[in-house]
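Accompanying notes for the structure given below.
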Amino acid sequence: MTANVVFGLLRAAVLVAALKAANGEIAEYGIAATNTYVWIGQGLLGFILLWGTNELAERVRSGDVVVDLYRPWHLQTALLAQDLGRGGYAFLTRLAPPMVFGMLLFPFQFPASPVQWPLFLVSAVLALVISFACRFLIDVSAFWLIDNRGLFGFWNVSSGLLCGLTVPVAFFPGWARDVLWMTPFPALMQAPIDVFLGHGDPVRTLLYQVFWAVALLAAGHLVLQRAVRKVVVQGG
């Protein structure tokens, strides 16, 4: 939480300085909206666990995943339930504190309508599900790659920029925005922030997130089924 706040202060300083150099507004982001973007983003980072632990991939590499596959559960569903439970705890310890910090100490853009609050929570939960689905696909790639640390590292480097954590997606050139919104990346971070700020149609944004949540979970299920048809682990 402390690290989130410190990095939030640095990000807010850089982005607000950029806004002042651009006469106080860039792509619907004024000072208050930018501070709101920063502090919600800092909170969402730990809530959706954008940069995961790669634990499942390590279990595949070591062969311990065989124990998981023997258990009377569906591995993907069990891990999703675990991640949702972690997210519930992270909501109190990682999402709420940076938002409250930003609300109390900086110009903050609150939702214009009370309904945006519950819509934001729904959007944040969908972002968590999508984040899990992406991380799960990266983890199960270890069934073929054995050591997926290169792919995991590439995800960690690229996802922050593409999802709207580093800068808002609205700051990108028009063609880049259009391309990004055809991918699941903005659904991870930019979509919940847009719902909170009232940028765009919130219903359309939520439907966009629902689509990617369903599509990526289905892809993860199919990949897992393919992987366990014939599991070869270290030692045989």
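No hydrogens, no waters, no symmetry mates; every other heavy atom, side chains included, goes into these values. Source: prediction; values computed, not measured.
Of the candidates Val223, Leu224, Leu217, Val223 is the only one forming a side chain to side chain contact (heavy atoms under 4.5 Å, CB included) with Leu137. The only option from Leu162, Leu180, Asp178 that meets the side chain to side chain contact (heavy atoms under 4.5 Å, CB included) definition with Phe172 turns out to be Leu180.
Considering all non-hydrogen atoms of both residues, Phe136 and Gly220 come closest at CE2-O, 3.6 Å. Counting all heavy atoms, side chain and backbone alike, Leu165 lies closest to Gly41 at CD1-O, 4.1 Å. The minimum heavy-atom distance between Asn148 and Ala57, with the atom names listed, is OD1-CB, 3.3 Å. Heavy-atom minimum distance, Gln76 versus Phe132: O-CZ, 3.5 Å. The nearest pair of heavy atoms linking Trp39 to Leu9 is CH2-N, 3.5 Å.
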Practice item. Check the pair Phe143 / Arg61 against side chain to side chain contact (heavy atoms under 4.5 Å, CB included), numbers first and verdict last. Key: CA-CA 8 Å; Phe143 280 104; Arg61 191 157 66 99; over 6 Å; no

Exercise for review: Apply side chain to side chain contact (heavy atoms under 4.5 Å, CB included) to Phe120 and Ile40, showing your working.
Suggested key: CA-CA 11 Å; Phe120 166 72; Ile40 293 179; 3.8 Å; yes

Check your understanding: Can you list the steps and then say if Val122 with Leu126 is a side chain to side chain contact (heavy atoms under 4.5 Å, CB included)?
Key -> CA-CA 6 Å; Val122 172; Leu126 287 171; 4.2 Å; yes

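The CD1 atom of Ile26 sits 5.0 Å away from atom CG of Leu19, with the distance rounded to the nearest 0.5 Å.
Distance alone, capped at 3.5 Å, is enough to place a donor-acceptor pair between the Tyr37 side chain and the Val167 backbone. No donor-acceptor pair under 3.5 Å is formed between the side chain of Arg135 and the backbone N or O of Gly52.
In this structure, Phe101 and Leu105 have side chains that are in contact, with non-hydrogen atoms separated by less than 4.5 Å. Proximity of Asp83 to Val129: side-chain heavy atoms (C-beta onward) are nowhere separated by under 4.5 Å.
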Using distance only, find each side-chain donor-acceptor pair of residues 185-196 under 3.5 Å and give its atom names and separation, not counting sequence neighbours.
from   : atom 1 : to     : atom 2 : distance (Å)
Gln190 : OE1    : Val169 : N      : 2.9
Gln190 : NE2    : Tyr29  : OH     : 3.0
Gln190 : NE2    : Asp194 : OD1    : 2.9

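Taking the six-membered ring where the residue is Trp, Phe108 and Phe110 present tilted rings, their angle falling between 30° and 60°.
Taking the six-membered ring for Trp and the full ring otherwise, Phe152 and Trp51 have centroids separated by 6.0 Å or more.
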